[in-house]
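A quick write-up on the structure given underneath.
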Protein chains: 2
Amino acid sequence: MKRNSRLSSTLHILVHMAEKPEHALTSEQLATFIHTNPVVVRRTIAGLRDAGIVTSSRGHGGGWLLGRAPENISLAEIGAALGETLLPFSTEPESPGCLVEQAVIAVLDDFRIAAEKLLAEKLSRITLADLTADFRRRYDLIGVSSHAV
Amino acid sequence: MKRNSRLSSTLHILVHMAEKPEHALTSEQLATFIHTNPVVVRRTIAGLRDAGIVTSSRGHGGGWLLGRAPENISLAEIGAALGETLLPFSTEPESPGCLVEQAVIAVLDDFRIAAEKLLAEKLSRITLADLTADFRRRYDLIGVSSHAV
DNA sequence: CGAAATCGTAACTAATTAAGTTACATGAAA
DNA sequence: TTTCATGTAACTTAATTAGTTACGATTTCG
């Protein structure tokens, strides 16, 4: 799993889980989907469990299941549960008392607040169901073209 | 200079330059503003020079000047010149041929394109002049309160 | 009950990235 | 021609994150 791909890797995993709603998938299986190992998977999606997006169960036959219907799981929620920051730049003061810095941070934070609100709104309108639908469309297309050839 | 603070550090530097439009500031001086060293400054703002946002001159009396009026320098341009990415998540394929991954990346890239456009528009409406105005407002306020006390 | 399967998590290692530093060549001004 | 500056390469250090190992806790199955 590459750096900064926690969101896309997690979505990948979740689509697989959505495609097998009745069947718990183990960390081991999920790990192979995103070419990493089980511990990284558990660590990465631990926050999703806390948010109720997925559930996990231990022991024989255990593993991971979606916590609710894909229609009710938005990308905004997933991103938040991963602790992903939408905007990457820092506005931590480094020279307390410097008025120039204060002005810069004030303007940048205003922008950040507005931008994060905007992005969160956009992301809350995309659900896991949209992703599975896109996947199935692609899957059907491949099926058709295979027949055609 | 902390991680991820390249944008705010650069803005800090640029406001100082805007406040001394006739006087070239050296990398050394700029470095002290943001608590780093001259080489880091040169490296960081090299892209701004290429974009015409600042100019640099060597030798005695040399240093850095704004390339144009603060009103004509937008945060969008500055961010672009720094090579800063607005959205931090990666959508590099890691499993070429996997339809699930393709669906995830497609949706995520659609979002990214729309989001980046939106953010760039917002940032293009904020100029360096807005920052210097904010700084001066703060400066005047301190002056007033100093008198009052 | 005991064995096997599975998650939860701590602790450590490795890889990656970005900042910091040193060094020196280039160019401009006094 | 000396001094002051940038430009840039090369190296070192620090911080972050992924990967790994290990093991305890929990659950199911025989």
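Atom set for the values below is all heavy atoms of this structure, side chains included, hydrogens, waters and symmetry mates excluded. Here is how names work: the chains are called A, B, and so on, in the same order as the sequence lines, proteins then strands, and each is numbered from 1.
- Distances were taken from every side-chain heavy atom of A/Trp64 (C-beta onward) to each of C/dG8, D/dG7, D/dT21; the shortest belongs to C/dG8.
- Nucleic acid contact class of B/Gly59 (heavy atoms, under 4.0 Å, all strands): base.
- For the pair B/Leu30 CG and D/dC4 C1', the computed distance is 15 Å after rounding to whole Å.
- In this model, the phosphate group of D/dT6 is not approached by any side-chain N or O of B/Ser56 to a distance below 4.0 Å at OP1 or OP2.
- A straight line from NE2 of B/His35 to P of C/dG20 spans 12 Å, rounded to a whole angstrom.
- A salt bridge links B/Asp134 with B/Arg138; the closest basic N to acidic carboxylate O contact falls under 4.0 Å.
- In terms of phosphate contacts, B/Asn37 brings no side-chain nitrogen or oxygen within less than 4.0 Å of OP1 or OP2 of C/dG20.
- If you check distances only, the side chain of B/Arg58 does reach the base of D/dT6 with a donor-acceptor pair under 3.5 Å.
- Rounded to whole Å, the distance from CD on B/Gln29 to P on D/dT6 is 9 Å.
- In this structure, B/Val39 and A/Gly62 both approach DNA chain C, and ranking their closest nucleotides by distance from the 5' end singles out A/Gly62.
- Nearest approach of A/Arg49 to A/Ser56, heavy atoms of both residues: CD-OG, 3.3 Å.
- Of the side-chain N and O atoms in A/Arg42, one or more sit less than 4.0 angstrom from OP1 or OP2 of C/dC7.
- A salt bridge links B/Arg112 with B/Asp109: at least one charged nitrogen is closer than 4.0 Å to a carboxylate oxygen.
- D/dT1 atom P lies 19 Å from atom NE2 of B/His60, rounded to whole Å.
- The nearest whole Å value for the distance from the CZ atom in B/Arg6 to the C1' atom in C/dA18 is 9 Å.
- Under the 4.5 Å side-chain criterion, counting only non-hydrogen atoms from C-beta, A/Asp130 is not in contact with A/Leu75.
- In this structure, A/Leu82 atom CG and D/dT17 atom P are separated by 13 Å, rounded to whole Å.
- Computed from coordinates, the A/Arg49 CZ to C/dC7 C1' distance equals 8 Å when rounded to whole Å.
- Of the side-chain N and O atoms in A/Thr36, one or more sit less than 4.0 angstrom from OP1 or OP2 of D/dG19.
- The two residues B/Val107 and A/Ile126 come nearest to each other via the heavy atoms CG1-CG2, 3.8 Å.
- Each of D/dT17, D/dT20, C/dT21 was ranked by its minimum atom distance to the side chain of A/Arg3; first place goes to D/dT17.
- Residue-level contact check: B/Arg43 touches the bases, meaning some heavy atom is under 4.0 Å from a base atom.
- For A/Val40, counting side-chain heavy atoms from C-beta on, the closest listed nucleotide (C/dA23, D/dG19, D/dT6) is D/dG19.
- Side chains of B/Arg42 and B/Ser27: a donor-acceptor N/O pair is present below 3.5 angstrom, by distance only.
- Neither OP1 nor OP2 of D/dT27 sits under 4.0 Å from any side-chain N or O of A/Ser57.
- DNA chain D is contacted by both A/Ser5 and B/Ala46; B/Ala46 maps to the nucleotide lying nearer its 5′ end (nearest heavy atom per residue).
- Rounded to whole Å, atom C1' of D/dA18 lies 12 Å from atom CG of A/Asn4.
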